K.L.:
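My questions will all concern the structure given below.
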Amino acid sequence: MTVREINFDGIIGPSHNYAGLSLGNLASTSHAGAVSRPRAAALQGIDKMRANLRLGLTQGIFLPQWRPNAHWLASLGTSLAEAQPHIRAAAMSASSMWAANAATVSPASDTADGLTHVTVANLMTMPHRSHEWPQTLNQLRTAFSARDAFVIHDPIPAPFGDEGAANHMRLCEGHDVPGVEIFVYGEAGGPFPARQHVEASRAVARLHGLSPARTLFVQQSEEAIAAGAFHNDVVAVANETVIFAHEQAFADKDRFYAALRDMLPAVQVIEVPASAISLIDAIRSYLFNAQLVTLPDGGGMALILPSEAQSVPAVWQWLEAMVAGNGPIRKLEPVDVRQSMANGGGPACLRLRVVANPADIDPRFLVDEEKLDAIAAIVAAYWPEEIAPDDLNDTRLIASIEQSWLTLVDHLGLSGDLLP
Ligand code: SUG
């Protein structure tokens with residue numbers, strides 16, 4: 001088997017809820033206090049994976065994390081029953097579903113030692129995400145345990161916030177040749193935090209053994225963060241030789257694109273002007289939080305978008321005109337991930353791209369339709385139907401969340417590896 005892109009989607013966990021924990025993420029803030037539907041959420045995520053399989057793509061999974069995170073609560077000297085509501089919600093968060101924030105991945109063809117390097121993200125800016133990395137690291141070490149193929153790195157130390165692949169893009173002329181890796185960092189975000197620190201990005205590039213001649217560090221524009229683009233993947237996405245981005249995504253786009261063209265003359269920049277789609281509409285519709293994928297058998301590229309993009313007329317008209325033209329993106333595939341979207345997570349947030357040989361990956365983390373059917377049956381039988389904010393301390397709900405998780409992990413044969 002050869003090296004290819006594999007999308008690992010985070011299965012949406014049984015504690016999925018709307019607690020409004022992410023300042024700067026407008027969807028999270030505006031849905032604070034709403035009643036969530038964990039079962040529907042997880043089934044939407046599974047349907048997205050099914051759609052990707054039907055496009056001929058290779059699909060992987062990451063498991064939800066054990067919630068509530070009693071270790072984290074204990075390290076704060078508290079417990080679920082005693083914690084203040086925002087700490088309780090943080091301990092219950094299902095935010096590890098957004099696998100684009102799990103890690104940064106550099107494929108073997110880009111690295112000095114010819115191995116695929118993976119650095120788990122520390123996610124230290126947001127309390128509810130800061131305690132994800134130990135369980136994520138454990139899954140990465142389990143899924144990518146082949147020592148002759150992967151190197152898994154510990155998180156970048158504080159105080160340098162690292163949010164993983166959501167702020168990382170790779171452009172290349174083929175996955176088996178060296179590509180250009182682009183690290184997007186924030187410095188200012190108006191009233192909102194810049195979650196990716198440049199020193200974290202530089203450290204990841206050094207640890208992965210990337211060539212400075214094929215690595216770029218690019219500042220995200222302050223206006224994009226201030227408008228709600230808390231990660232770069234809310235305003236830009238790249239695949240092979242194509243970068244698809246909003247005009248206002250980067251602080252100095254002319255310098256960035258000039259440097260990129262020097263490094264990769266074949267690059268195709270598809271820029272959406274603010275005059276056609278405002279930053280506000282881009283963020284409302286999440287059109288850039290799409291999976292830009294290459295279809296097998298010469299089918300060109302497809303954009304797997306949130307169905308919300310269809311409801312903003314300026315966005316959908318622009319996209320339809322784009323695919324009708326002669327560009328590299330030939331197909332629009334809307335998917336319904338509304339439960340995740342209401343917390344600011346579109347199709348691209350839900351997946352981590354790993355360029356690797358599938359034969360090097362622990363098969364328990366790879367899925368086909370049949371395996372997804374079995375996972376969906378467990379979700380349908382065990383995941384809570386609804387969670388209201390006041391339920392987060394309900395002992396019956398907690399017991400059912402724990403049972404749901406154990407059933408899935410046991411079914412996938414991962415209890416021995418993932419039990420906390
Ligand atoms: O980190 N939302 C996530 C969404 C992450 C999206 N990922 C990418 N853009 N790649 C976040 O802000 C909401 C949690 C809450 O409010 O309960 C949340 O964490």
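Note that this is a predicted model, so its numbers are computed, not measured. Whatever order the structure lists ligands and atoms in, that order sets their numbers, starting from 1.
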K.L.:
I12 versus P38: any side-chain heavy-atom pair under 4.5 Å?
P.N.:
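With C-beta onward as the side chain, the pair stays apart.
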
K.L.:
Around atom 5 (C) of ligand 1, find the nearest protein heavy atom and jot down its residue, atom name and distance.
P.N.:
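For atom 5 (C) of ligand 1, the nearest protein heavy atom is R129 NH1, 3.5 Å.
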
K.L.:
Would you say Y185 and H197 make side-chain contact, with heavy atoms under 4.5 Å?
P.N.:
no

K.L.:
Atom 8 (C) of ligand 1: which protein heavy atom is closest, and how many Å away?
P.N.:
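For atom 8 (C) of ligand 1, the nearest protein heavy atom is C349 SG, 2.8 Å.
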
K.L.:
Tell me, do M49 and I11 make a side-chain contact under 4.5 Å, heavy atoms counted?
P.N.:
yes

K.L.:
Tell me, which protein residue and heavy-atom name are nearest atom 17 (O) of ligand 1, and how many Å apart are they?
P.N.:
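Result: A19 N, 3.5 Å.
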
K.L.:
Does an N or O from A100, backbone or side chain, lie closer than 3.5 Å to an N or O of ligand 1?
P.N.:
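No; the residue has no nitrogen or oxygen that sits under 3.5 Å from a nitrogen or oxygen of the ligand.
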
K.L.:
Counting from 1, what ligand 1 atoms have a heavy atom of N25 closer than 4.0 Å?
P.N.:
2 (N), 3 (C), 4 (C), 11 (C), 12 (O)

K.L.:
Just say parallel, tilted or perpendicular for the rings of F244 and F288, cut-offs at 30° and 60°.
P.N.:
tilted

K.L.:
By number and element, which atoms of ligand 1 are closer than 4.0 Å to a non-hydrogen atom of S28?
P.N.:
13 (C), 15 (C), 16 (O)

K.L.:
Where do I283 and A224 come nearest, in terms of heavy atoms and distance?
P.N.:
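Here I283 and A224 meet closest at CD1-O, 4.2 Å.
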
K.L.:
Tell me whether N343 contacts the main-chain N or O of G345 through its side chain, where contact means a donor paired with an acceptor under 3.5 Å.
P.N.:
no

K.L.:
For atom 12 (O) of ligand 1, which protein heavy atom lies nearest, and how many Å away is it?
P.N.:
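Protein heavy atom with the smallest distance to atom 12 (O) of ligand 1: S22 OG, 2.7 Å.
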
K.L.:
Could you list the donor-acceptor pairs under 3.5 angstrom formed between side-chain atoms of residues 384-396 and any protein atom two or more places apart in sequence or on another chain?
P.N.:
residue: E386; atom: OE2; partner: R37; partner atom: NH1; Å: 3.0
residue: D391; atom: OD2; partner: A388; partner atom: N; Å: 2.7
residue: D394; atom: OD1; partner: R396; partner atom: N; Å: 2.8
residue: D394; atom: OD1; partner: L397; partner atom: N; Å: 3.3

K.L.:
Taking non-hydrogen atoms only, is N101 closer than 4.0 angstrom to ligand 1 via side chain, backbone, both or neither?
P.N.:
side chain

K.L.:
Within ligand 1, which atoms have a heavy atom of A166 less than 4.0 Å away?
P.N.:
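Once the distances to A166 are compared, the set is 10 (N).
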
K.L.:
Could you tell me which atoms of ligand 1, counted from 1 in the order shown, lie closer than 4.0 angstrom to a heavy atom of G344?
P.N.:
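Listed by number with element, the hits are 4 (C), 6 (C).
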
K.L.:
Of all the non-hydrogen atoms in the protein, which one sits nearest to atom 10 (N) of ligand 1, and at what distance?
P.N.:
D233 OD2, 2.7 Å

K.L.:
Where on L21 is there a heavy atom closer than 4.0 Å to ligand 1, on the side chain, on the backbone, on both, or on neither?
P.N.:
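The answer is both, backbone and side chain.
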
K.L.:
Hey, is the main chain of D162 close enough, under 3.5 Å, to the side chain of N122 for a donor-acceptor pair?
P.N.:
yes

K.L.:
Which of the atoms in ligand 1, numbered in the order shown and given with their element, are less than 4.0 Å from a heavy-atom of H231?
P.N.:
7 (N), 8 (C), 9 (N), 10 (N)

K.L.:
Centres of the Y18 and H16 rings: under 6.0 Å?
P.N.:
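Centroid distance Y18-H16: below 6.0 Å, so yes.
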
K.L.:
Checking the N or O distance criterion of under 3.5 Å, is ligand 1 in contact with G345?
P.N.:
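G345 vs ligand 1: no N/O contact under 3.5 Å.
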
K.L.:
Under 4.0 Å from a heavy atom of N17: give me the atoms of ligand 1 that qualify, with their elements.
P.N.:
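Ligand 1 atoms under the 4.0 Å threshold to N17: 17 (O).
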
K.L.:
Check whether the side chains of S106 and E181 place a donor and an acceptor atom closer than 3.5 Å, and report yes or no.
P.N.:
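Yes.
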
K.L.:
Counting only heavy atoms closer than 4.0 Å, does ligand 1 sit against the backbone of N343, its side chain, both, or neither?
P.N.:
both

K.L.:
Going by heavy-atom distance to atom 19 (O) of ligand 1, choose the closest among R351, M126, H128, H31.
P.N.:
H128

K.L.:
Please work out, at 4.0 Å between heavy atoms, whether the side chain, the backbone, both, or neither of R195 comes within that distance of ligand 1.
P.N.:
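Contact part for R195 vs ligand 1: side chain (C-beta onward).
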
K.L.:
Once salt bridge (charged side-chain N to carboxylate O under 4.0 Å, His left out) is applied, what residue pairs with a partner in residues 124-135 remain, sequence neighbours excluded?
P.N.:
R129-E132

